[in-house]
Amino acid sequence: MNAYVFPGQGAQFPGMAKDLYSSSEKAKSLLESANQILGFRITDIMFDGTAEELKETKVTQPAVFLHSVVLALISEDFKPDMVAGHSLGEFSALVANGVLSFEDGLKLVSKRALAMQKACEINPSTMAAILGLEDKKVEEICASIDEVVVAANYNCPGQLVISGSHKGIELACAAALEAGAKRALPLPVGGAFHSPLMEPAREELEKAIDATQFNPAKCPIYQNVTAKASSDINEIKENLKIQLTAPVRWTQSVQAMVADGATHFTESGPGKVLQGLVKKIHREAEVSSI
């Protein structure tokens with residue numbers, strides 16, 4: 001069975017999707033409509049902007065979403081049996097499997113980016129990657145600290161990203177190294193994504209999700225919050241609402257997809273980060289890019 005996976009924030013690079021725009025009329029049309037929907041020419045920044053300009057909040061998430069979704073929509077071979085997306089990538093996956101329209105998906109992603117930026121300003125916070133410790137040990141460390149600090153991204157065995165207050169992350173990194181972690185790396189992010197500190201953004205996004213039309217799924221999506229297959233629109237909607245304050249269960253999602261018959265994972269989007277994670281989670285999996 002074929003699983004298609006969609007990357008999250010951080011996969012962007014200068015020049016992204018430029019080749020798609022110049023080689024496919026359908027891609028060009030989708031990207032031009034995105035400029036209209038967003039009210040600024042995001043394609044100018046994607047094609048010719050600097051890495052710094054691409055990091056701007058209102059640009060990063062829509063840019064990765066657009067590259068990922070356009071690749072899937074113009075591919076003649078895109079016939080998924082199941083889909084999943086890492087954090088932001090979940091919105092790309094929902095457009096690819098027909099639950100959200102291209103326009104509604106882009107609008108939600110844009111609102112999500114701006115709401116997250118606001119939440120970061122309300123609660124200054126950060127994230128760090130803990131390498132070489134078991135998930136359970138990292139969870140115990142987070143629970144032992146008298147600050148907001150939680151497990152945020154279960155990326156693959158031995159790689160768990162934590163999220164929380166600056167003080168909480170500092171204490172947790174020190175405790176993780178003391179407990180035998182190979183590395184504890186603070187990440188260059190603007191806030192504590194997938195933690196309770198994103199509550200203001202969750203509330204804002206919830207209203208936008210409620211106002212958006214959701215359509216029947218063409219195939220199951222394995223969502224970050226549950227790491228289980230879902231095709232039920234109401235269930236998908238509710239999981240999407242709490243995604244910003246809940247952890248990304250990527251390891252568990254890939255394991256569930258494999259258990260349900262996935263043998264080939266195709267990454268749709270910029271970069272190859274998810275292919276690397278899939279191989280670390282399940283060595284026998286075949287991986288490729290669109």
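Residue numbers count from 1 along this sequence.
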Which donor-acceptor pairs under 3.5 Å do the side chains of residues 129-141 make with protein atoms, sequence neighbours left out?
from: Lys136; atom 1: NZ; to: Glu140; atom 2: OE2; distance (Å): 3.1
from: Glu139; atom 1: OE2; to: Tyr154; atom 2: OH; distance (Å): 2.5

Without swapping roles, check the side chain of His194 against the backbone of Val248 for a donor-acceptor pair under 3.5 Å. no

Using modelled atom types only, decide if a donor and an acceptor are shared between the side chain of Asn155 and the backbone of Trp250 within a distance under 3.5 Å. no

Lys58 NZ/CZ over Phe40 ring centroid, <6.0 Å and within 45° of normal: yes

Do we see a donor-acceptor contact under 3.5 Å between the side chains of Glu267 and Ser289? no

Which pairs of donor and acceptor atoms, one on a side chain in residues 63-74, lie under 3.5 Å apart (sequence neighbours left out)?
from: His67; atom 1: ND1; to: Ala17; atom 2: N; distance (Å): 3.4
from: Ser68; atom 1: OG; to: Val64; atom 2: O; distance (Å): 2.8
from: Ser68; atom 1: OG; to: Ser268; atom 2: O; distance (Å): 3.4

State whether the side chain of Ser110 and the backbone N or O of Leu108 hold a donor-acceptor pair below 3.5 Å, judged by distance alone. no

Between the side chains of Thr60 and Gln12, does any donor sit under 3.5 Å from an acceptor? no

For Lys272, check side-chain hydrogen bond (donor to acceptor under 3.5 Å, both in side chains) against everything at least two apart and list the hits. none

Are Glu204 and Lys118 close enough for a salt bridge, meaning some N to O gap below 4.0 Å? yes

Taking the basic N atoms (NZ, or NE/NH1/NH2) and the acidic carboxylate oxygens, is any pair closer than 4.0 Å for Glu103 and Lys107? yes

Looking at Gln223, is its backbone amide N or carbonyl O close enough to the side chain of Asn239 to form a donor-acceptor pair, meaning the two atoms are under 3.5 Å apart? no

Assess whether atom CG of Asp210 is packed by more than 12 heavy atoms of other residues, nucleotides or ligands within 6.0 Å. yes

Sidechain-backbone polar pair: Gln275 side chain, Thr266 backbone, donor-acceptor under 3.5 Å: no

Residue Lys279 excluded, over 12 heavy atoms near NZ under 6.0 Å: yes

Check this for me, if you would: do Asp48 and Lys18 make a salt bridge, where the nitrogen-to-carboxylate-oxygen distance has to be below 4.0 angstrom? yes

What's the separation between atom CE in Met82 and atom CE in Met257, rounded to the nearest 0.5 Å? 6.0 Å

So Glu32 and Arg41, salt bridge (charged side-chain N to carboxylate O under 4.0 Å, His left out) or not? Walk me through it. CA-CA 8 Å; Glu32 282 298 343; Arg41 290 194 62 80; 3.0 Å; yes

